[in-house]
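Side chains included, hydrogens not; waters and symmetry mates left out as well; all remaining heavy atoms used.
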Amino acid sequence: MKKKFLSLETYRAFAALMIAAIHFDLNSPLVNHQLASGHFVQFFFTLSGFVIYFNYKDKIKNFENIKFFIKKRFFRLYPLHIFFLILFLLIEIIKFLAINYYNVDVNSEIFVKNDYLSFFANIFLLHTFLVDYTFNTPSWSISAEFYTYVLFAFLIIFNSRYKISFLVIVIIYFFRINDEVSFGASHSAYRSFLDCIYGFYWGVIFCKLYISLEKNKYYLKYKDAISLILIFFTFFSIINFSKNQLFLLPVVFGCLIFFSCDLDKQSILGKFICNKFFVYLGSISYSIYMSHLFVFWIINNLLKYIFNLKTFIDDDGFSKLDLNIFQSSLLVLFCYFATIIFSHFSYKYIEKKYNKF
């Protein structure tokens, strides 16, 4: 039976909300802060490696097991992805009609980046290999993660204690270290796939370490205290690491996951991190991650074109709502609220439905 690490659900929720903050393009300190960072996508990859290895380390032994694993991961990711792909295709059509029939200005060219090629790349989960973000921007990581699962399923058959995992990490590190594109630059074609594998296998390594030491008396005694320190160090790393230091982020993430994956539920830290609301947000975090951009687009454009709120043109030539900081902050809170509500229903009626496969 799979084990659910409650603290990791909360971390997953926080990461999804911080990624949403990047795309809630408003003049508010609630989203304009240094923790609103795309580096949390790398946290997802590392977390995924940890959890996937823990739950499947003894279940993939032959080709039939590989097919079952890939099928299960496909139905975990694809239904929600295709749902939002269709919604974003409809958005392109709406923008096309608005320009050609109602003379409405929009912020992006129609069917340029979101063209036929990118649509079919999204259909076949190949859009991590595109240079540009397309359709539902955050979904590039779903493409990278799916093919990382496929690689993992084949490599785990030949698994040794640490050798394969370290070999994969070393190969990718030396391949990427002298690249002109920094680690984690998600809109840079094949590099995003390599960076996903790199983070994923650090998660695998820290899971193997956890399995070896989870009952060690020193680990059990100090894990909560070390977890608290690592939470702050993780924030520091996300804010301050740059260039080649970014290759250390999955190691930092792995350390945090290793020490805090199974917190004492009766400790102060454990009670706070593992409370039911945070854990539930973690359960719907994939929906939050996939839906927030769509929710923001809907709210933003309703306010612009239906409620006729005042707008201005920024330095990049984009039309934005002309709101003060207080108004923007209220709108951010509403966007988060609407995203969580929307995600509750997409989780219930899409994610859970297809998780049965």
Side-chain angles (χ1 to χ4, degrees), residues 1-20 35 40-59 72-73 76-77 80 145 199-200 202-235 238 250 252-292 336 339-341 343-348 351-352 355-356:
M1 187 175 179
K2 290 185 179 181
K3 180 174 181 178
K4 190 168 186 176
F5 297 104
L6 298 183
S7 56
L8 300 189
E9 292 296 300
T10 296
Y11 292 166
R12 197 191 306 268
F14 184 80
L17 295 174
M18 290 302 97
I19 291 167
L35 286 178
F40 278 106
V41 178
Q42 303 303 322
F43 177 82
F44 279 132
F45 294 152
T46 308
L47 178 61
S48 185
F50 185 97
V51 174
I52 291 293
Y53 182 80
F54 186 87
N55 287 310
Y56 289 97
K57 61 185 182 300
D58 299 320
K59 297 179 181 177
K72 198 166 183 63
R73 301 321 300 167
R76 173 71 180 94
L77 297 176
L80 203 60
E145 197 157 345
F200 184 93
W202 271 116
V204 170
I205 286 171
F206 278 100
C207 184
K208 292 179 179 183
L209 191 62
Y210 168 74
I211 292 168
S212 300
L213 298 175
E214 62 176 316
K215 298 190 183 302
N216 180 279
K217 64 178 182 179
Y218 296 108
Y219 172 81
L220 294 172
K221 183 177 181 180
Y222 296 112
K223 64 179 181 179
D224 280 44
I226 295 174
S227 294
L228 184 59
I229 295 169
L230 283 171
I231 289 172
F232 289 105
F233 184 68
T234 299
F235 291 164
I238 288 171
V252 175
F253 296 151
C255 287
L256 175 63
I257 294 166
F258 166 70
F259 280 105
S260 60
C261 62
D262 202 10
L263 291 174
D264 180 2
K265 309 304 182 295
Q266 300 307 313
S267 68
I268 295 174
L269 183 63
K271 286 180 179 178
F272 176 75
I273 290 181
C274 300
N275 78 78
K276 290 182 179 180
F277 177 68
F278 291 164
V279 170
Y280 181 70
L281 287 182
S283 298
I284 65 171
S285 61
Y286 179 44
S287 282
I288 291 173
Y289 180 78
M290 293 293 282
S291 72
H292 69 268
Y336 270 128
T339 298
I340 290 168
I341 297 300
S343 298
H344 166 78
F345 288 103
S346 62
Y347 171 74
K348 182 177 181 180
E351 283 194 69
K352 288 185 73 173
N355 273 348
K356 298 173 184 176

Report the distance from atom CG of L17 to atom NE2 of H292, rounding to the nearest 0.5 Å.
10.0 Å

When rounded to the nearest 0.5 angstrom, what distance separates OG in S343 from CD1 in I284?
5.0 Å

What's the spacing between Y286 OH and S346 OG if we round to 0.5 Å?
10.0 Å

Within a strict 4.5 Å, meaning less than it, do heavy atoms of the M18 and F43 side chains meet?
no

Looking only at heavy atoms, which two atoms of S291 and T339 are closest? And how far apart?
OG-CG2, 3.7 Å

Taking all atoms of both residues into account, what is the closest heavy-atom pair of R12 and S285, and its distance?
CD-OG, 2.7 Å

Is NZ or CZ of K215 both nearer than 6.0 Å to the six-membered ring centre of Y219 and within 45° of the ring axis?
no

Here the gap from K271 atom NZ to Q266 atom CD, rounded to the nearest 0.5 Å, amounts to 5.5 Å

Let me check something: any side-chain donor-acceptor pairs from residues 225-233 under 3.5 Å, sequence neighbours excluded? List them with distances.
unit_1 : atom_1 : unit_2 : atom_2 : d
S227   : OG     : K223   : O      : 2.6
S227   : OG     : F259   : O      : 3.1
S227   : OG     : S260   : N      : 3.4

If we ignore hydrogens and angles and just use 3.5 Å, is the side chain of K57 paired with the main-chain N or O of N55 as donor and acceptor?
no

Grab the two heavy atoms, one from C274 and one from L6, that are nearest each other, plus how far apart they are.
SG-CB, 4.0 Å

From L263 CG over to D224 CG, what is the distance, rounded to the nearest 0.5 angstrom?
5.0 Å

Partner of T234 under side chain to side chain contact (heavy atoms under 4.5 Å, CB included), chosen from I257, V252, L35:
V252

Distance from L47 atom CG to I52 atom CD1, nearest 0.5 Å?
9.5 Å

So with a 6.0 Å cut-off around OH of Y222, is the heavy-atom count from everything else above 12?
no

If we ignore hydrogens and angles and just use 3.5 Å, is the side chain of T10 paired with the main-chain N or O of I273 as donor and acceptor?
yes

Under a 3.5 Å cutoff, is there a donor and acceptor pairing between the side chains of K352 and S283?
no

Please find the pair of heavy atoms, one from S7 and one from C261, that lie closest to each other, and give the distance.
OG-O, 3.0 Å

Do F5 and Y11 have their ring centres less than 6.0 Å from each other?
no

Below 4.5 Å, heavy atoms only, C-beta onward: do I268 and F272 meet side chain to side chain?
no

With a 6.0 Å cut-off on ring centres, are F206 and F50 close enough?
no

Side chains of Y280 and Y347 in contact at under 4.5 Å (non-hydrogen atoms):
yes

Would you check if the distance from the ring center of F253 to the ring center of F45 is below 6.0 Å?
no

Near-ring test F14/F278, centroid separation under 6.0 angstrom:
no

